[in-house]
Number of protein chains: 2
Amino acid sequence: MPDQTAPTQTPTQTPIEAPPTPGFQRAADSLVRQIEARIAAGDFADGSPLPPERDLIETYRVSRTVVREAVAALASRGLVESRPRFRPVVRRPGYDAALAAADGVVGHLLAQSGGVKNLYDTRIFLEASLVRQAARQARKDDIEALKRALDANEAAIPDSAAFYRTDTEFHAVLYDIPKNPVFPAIHKAFTAWLAPHWVKMPRSPERNRVNYLRHSDIYQAIRDRDADAAEVALVAHLNAAWEYVRGTFEQP
Amino acid sequence: MPDQTAPTQTPTQTPIEAPPTPGFQRAADSLVRQIEARIAAGDFADGSPLPPERDLIETYRVSRTVVREAVAALASRGLVESRPRFRPVVRRPGYDAALAAADGVVGHLLAQSGGVKNLYDTRIFLEASLVRQAARQARKDDIEALKRALDANEAAIPDSAAFYRTDTEFHAVLYDIPKNPVFPAIHKAFTAWLAPHWVKMPRSPERNRVNYLRHSDIYQAIRDRDADAAEVALVAHLNAAWEYVRGTFEQP
DNA sequence: GCTTTCCTTTGGTCGGACCAAAATTGCGCA
DNA sequence: TGCGCAATTTTGGTCCGACCAAAGGAAAGC
């Protein structure tokens with residue numbers, strides 16, 4: 001009796017399609033919705049393991065096949081985190097999970113010609129807008145946070161590994177300023193996707209110092225509430241970084 | 001003899017981690033990578049159906065369980081499109097597929113408090129930057145495309161359904177101007193995610209006319225190369241729309 | 001009290017089977 | 001010869017039962 005879904009599911013008000021939807025639903029999809037609801041309702045606590053597959057079989061009266069398919073689907077949606085031989089861990093979805101769901105495809109996009117450039121250009125575009133906005137609306141504590149990140153960046157000049165971390169952190173502060181959780185998630189995604197193409201970049205205290213000075217320019221422009229200067233400094237900074245590494249993976 | 005994986009898979013040279021990675025790989029993951037590669041290589045043509053599961057079983061010498069799991073994974077990554085009882089169709093991943101992969105999670109985010117606002121604010125932010133950029137760098141044919149979309153928008157004022165379409169199209173042109181495929185994909189995702197919250201908005205030729213005039217303002221500002229005016233007009237337009245519909249789903 | 005060993009639990013994989021809907025074949029009628 | 005409809009074969013969706021190896025605990029030994 002796999003019809004426990006029929007009565008609950010909405011008739012899906014899309015009467016505009018004759019050939020595509022034959023009105024058939026996978027049992028697994030139904031299970032996914034039910035478990036989704038229980039996760040959203042806090043029925044399965046965040047961070048705790050999902051019940052064993054055998055339990056779910058009894059609870060929902062479905063075969064293990066369906067349970068496994070459903071759990072796999074939940075994992076791909078970021079609602080649970082499943083390591084190979086361990087119980088899947090429930091994860092209340094956050095904004096970063098949304099971007100993380102795109103990881104797989106993005107990997108392919110980055111691999112194809114011009115992919116890295118497209119994504120990097122998007123980052124420049126977005127970050128340029130962020131610094132403009134920061135120059136106009138950053139609060140005093142935002143600017144203080146930026147200053148702290150800048151100082152940490154300066155202190156890390158001799159240590160390239162530490163410099164990379166503080167560099168990322170400096171930019172992260174920019175994404176925090178709008179107080180919209182979407183932006184930090186985007187920053188996380190950008191760094192995760194672009195980092196593999198960045199680590200090849202040769203680093204040295206000299207280059208670190210140059211980058212630090214660029215960061216300093218950006219900071220000062222924001223502090224001085226000069227949106228145009230901030231944007232120019234940011235774009236110059238990121239474009240310079242691009243020029244510096246393009247040779248490492250672009251030789252058409 | 002389920003050991004066909006044991007000899008082939010690498011002993012995973014990662015002696016640097018005791019608890020996290022037990023050096024175990026799901027057979028399905030391996031299959032996913034192999035099929036991924038063949039899709040990327042054009043071995044499976046875009047738009048054509050994937051081989052039947054029974055064939056894949058023989059080709060890769062794995063059980064149907066593994067094949068199904070792999071196909072499901074590919075589907076969740078947007079590499080194949082699988083309708084319930086049909087052969088999965090191969091889809092060479094595009095930028096919109098990346099965003100589409102986030103659909104599931106985004107649904108949850110939108111459901112939670114402030115989710116719609118966060119996403120809509122992000123849209124305003126991005127689109128404001130787009131019109132700035134358009135005012136500065138739009139080419140002649142970009143502005144002509146914008147004008148055509150604007151005219152179509154005006155012609156559709158009496159028909160609210162048509163107006164909605166041309167409205168979306170007008171904004172879409174803005175995302176096309178940077179010539180970066182990431183932006184149209186983002187626009188597609190935004191409209192897909194926000195549309196369900198938008199259809200509730202009462203529509204009328206009067207409101208359509210107001211919105212058309214806003215679009216006209218944006219167009220003129222871009223044509224006149226006035227970035228500030230374009231941004232102001234765009235933000236005013238989108239904020240007004242927000243105020244107009246917020247009552248329909250925000251009463252805390 | 002702490003390590004070591006044994007048993008149980010649990011996820012991963014396999015093989016076979018059945019169903020219903022798709023896709024294909026082929027027959028019969030015009 | 002051409003075409004529409006029915007019989008047949010494919011094919012995806014689901015279920016079942018079984019086995020393995022690793023994780024998680026429990027019991028035994030130091």
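Below, chain A is the first sequence line, B the second, and so on; all start at residue 1.
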In whole Å, I'd like the distance from the [atom1] atom of [X] to the [atom2] atom of [N].
X     : N      : atom1 : atom2 : answer
A/R26 : D/dG12 : CZ    : C1'   : 9 Å
B/E53 : C/dG16 : CD    : C1'   : 15 Å
A/E69 : C/dG12 : CD    : P     : 14 Å
B/R61 : C/dC14 : CZ    : C1'   : 14 Å
A/L56 : C/dT10 : CG    : P     : 11 Å
B/L31 : C/dG12 : CG    : C1'   : 14 Å
B/L50 : D/dG12 : CG    : P     : 9 Å
A/R68 : D/dG17 : CZ    : P     : 18 Å

Verdict with supporting geometry, B/E36 and B/R77, salt bridge (charged side-chain N to carboxylate O under 4.0 Å, His left out): CA-CA 10 Å; B/E36 258 183 338; B/R77 299 193 190 186; 2.8 Å; yes
A/R85 side-chain N/O to C/dG12 phosphate OP1/OP2 under 4.0 Å: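 So the side-chain polar atoms of A/R85 never come under 4.0 Å of the phosphate oxygens OP1 or OP2 of C/dG12.
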Of the listed nucleotides C/dA23, C/dT13, D/dT14, the one nearest the side chain of B/F86: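 Minimum distance to the B/F86 side chain belongs to C/dA23.
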Candidate nucleotides D/dT14, C/dG11, D/dT11, ranked by approach to the side chain of A/P52 - the nearest: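 The answer is C/dG11.
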Check: B/N118 main-chain N/O paired with A/N180 side-chain donor or acceptor under 3.5 Å: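 The answer is yes, because a donor-acceptor pair under 3.5 Å joins these two groups.
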Donor-acceptor under 3.5 Å (A/Y120 side chain, A/L194 main chain):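 No, the answer is negative, given that no donor and acceptor are paired below the 3.5 Å cut-off.
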base_contact_polar (D/dT14 base, B/R64 side chain, donor-acceptor, <3.5 Å):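 Looking at the base of D/dT14, it does pair with a donor or acceptor on the side chain of B/R64 (distance under 3.5 Å).
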Polar side-chain contact B/R54-D/dG12 base: donor and acceptor under 3.5 Å: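 Per atom types, the contact qualifies.
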Sugar-phosphate only, base, or nothing, as touched by B/R87 at under 4.0 Å among non-hydrogen atoms: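 The answer is sugar-phosphate, as B/R87 gets under 4.0 Å only of primed atoms, P, OP1 or OP2.
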B/H187 and B/Y175 aromatic ring geometry - parallel, tilted or perpendicular at 30°/60° bounds: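 The rings of B/Y175 and B/H187 sit tilted, inter-plane angle from 30° to 60°.
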Heavy-atom check, side chain of A/E169 versus side chain of A/R165, under 4.5 Å: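 Answer no - side chains too far apart.
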